[in-house]
Amino acid sequence: MPEPAKPNRYELPVSSMVGAMLVVLAVIGAFVAWRALNRDNEGVRTPTVDYSGWVRAGRTDGRLQIVVPTPMPKGWRATSASYTAGVSPHWHLGVLTSGNEYVGIEEGIASVGSMVHQYVDPNAQHGKPVTIHGVRWQTWTDSGGDYAVVRHLKAPKGTYPETLLVVGSAAPAQVRSYAASLR
């Protein structure tokens, strides 16, 4: 006669396993909540940059006008700047408004269409023109809420077609006001 099988002493009923799993999940949840409440990195602020060196470099190169806000609107700050010399010079200045919205200047030797395609959206919609300080600007928008004003500039040496684009997620009135401050 065979011996009866001995029960496994580690067998647990399903209810005990579910209970143990709930305890583990509660401990994990408590740890996550404790870390969230005791976190000391409340967010990283985008650093402010000094763009004056880039302005000097661009103006020394003499291929573009290199427009800048005069003055920078109160509470706004520059967060990115660059000047690329060469066959296709390009000036960029990115700023954040006091409401943390982005507005950027893109100035280069390129057509309006290519500038809008690259810096607004490939599917940007052409809007009604606006007049800013007696100068006519084209307007463009995209499905993400960006708004841009664009116009041609006379290049310093008068030999290149130059395009100025001001684009941002800020309200259209703020983008136009910023464009009006460019000198």
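Numbering starts at 1 and runs along the sequence shown. Quick caveat, the model's predicted, so the values are computed rather than measured.
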Decide yes or no for [X] and [Y]: does some side-chain heavy atom of the first lie under 4.5 Å from some side-chain heavy atom of the second?
X: Gln174; Y: Trp76; result: yes
X: Val112; Y: Gln138; result: yes
X: Ser181; Y: Thr70; result: no
X: Val68; Y: Leu182; result: no
X: Met72; Y: Val95; result: yes

Using a 4.5 Å side-chain heavy-atom cut-off and chaining through intermediate ILVMFWY residues, the residues clustered with Met21 come out as Leu25
If you count every heavy atom of other residues, nucleotides or ligands that lies below 6.0 Å from Arg183 atom CZ, does the total exceed 12?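 Counting neighbours around CZ of Arg183, more than 12 heavy atoms of other residues, nucleotides or ligands fall under 6.0 Å, so yes.
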Considering all heavy atoms, the nearest [X]-[Y] contact:
X: Gly108; Y: His90; answer: CA-ND1, 4.2 Å
X: Trp137; Y: Ala179; answer: CH2-CB, 3.9 Å
X: Asp61; Y: Pro89; answer: OD2-CB, 4.4 Å
X: Pro69; Y: Leu93; answer: CD-CD2, 3.8 Å

Within the side chain of [X], is there an N or O that forms a donor-acceptor pair under 3.5 Å with the backbone of [Y]?
X: Arg63; Y: Thr60; answer: no
X: Gln118; Y: Val116; answer: no
X: Glu107; Y: Ile66; answer: yes
X: Thr163; Y: Ala110; answer: yes
X: Trp91; Y: Val67; answer: yes
X: Glu162; Y: Gln65; answer: yes
X: Ser111; Y: Ser114; answer: yes

Rounded to the nearest 0.5 angstrom, the OG1-CD distance for Thr139 and Gln125 is 11.0 Å
In this structure, CZ of Arg136 is separated from NE2 of His152 (nearest 0.5 Å) by 12.5 Å
Do [X] and [Y] sit in the same hydrophobic cluster, where Ile, Leu, Val, Met, Phe, Trp and Tyr count as joined when their side-chain heavy atoms come under 4.5 Å apart?
X: Val130; Y: Val175; answer: yes
X: Val49; Y: Trp54; answer: no
X: Met115; Y: Ile132; answer: no

Do the side-chain N and O atoms of Arg77 and Thr48 include a donor-acceptor pair separated by under 3.5 angstrom? yes
Return all side-chain donor-acceptor pairs below 3.5 angstrom for residues 143-151, not counting sequence neighbours, or 'none' if the list is empty.
| unit_1 | atom_1 | unit_2 | atom_2 | d |
| --- | --- | --- | --- | --- |
| Tyr147 | OH | Arg176 | NH1 | 3.0 |

Extract all donor-acceptor atom pairs below 3.5 Å that involve side chains of residues 165-173 and protein atoms in other chains or at least two apart in sequence.
| unit_1 | atom_1 | unit_2 | atom_2 | d |
| --- | --- | --- | --- | --- |
| Ser169 | OG | Glu101 | OE1 | 2.9 |
| Ser169 | OG | Tyr102 | N | 3.1 |

| query | Going through the distances and angles, do Asp142 and Asn123 end up as a side-chain contact (heavy atoms from CB on, under 4.5 Å)? | reply | CA-CA 7 Å; Asp142 71 7; Asn123 298 312; over 6 Å; no
What about Tyr51 and His92, are their ring centers closer than 6.0 Å?
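So the answer is no for these two rings.
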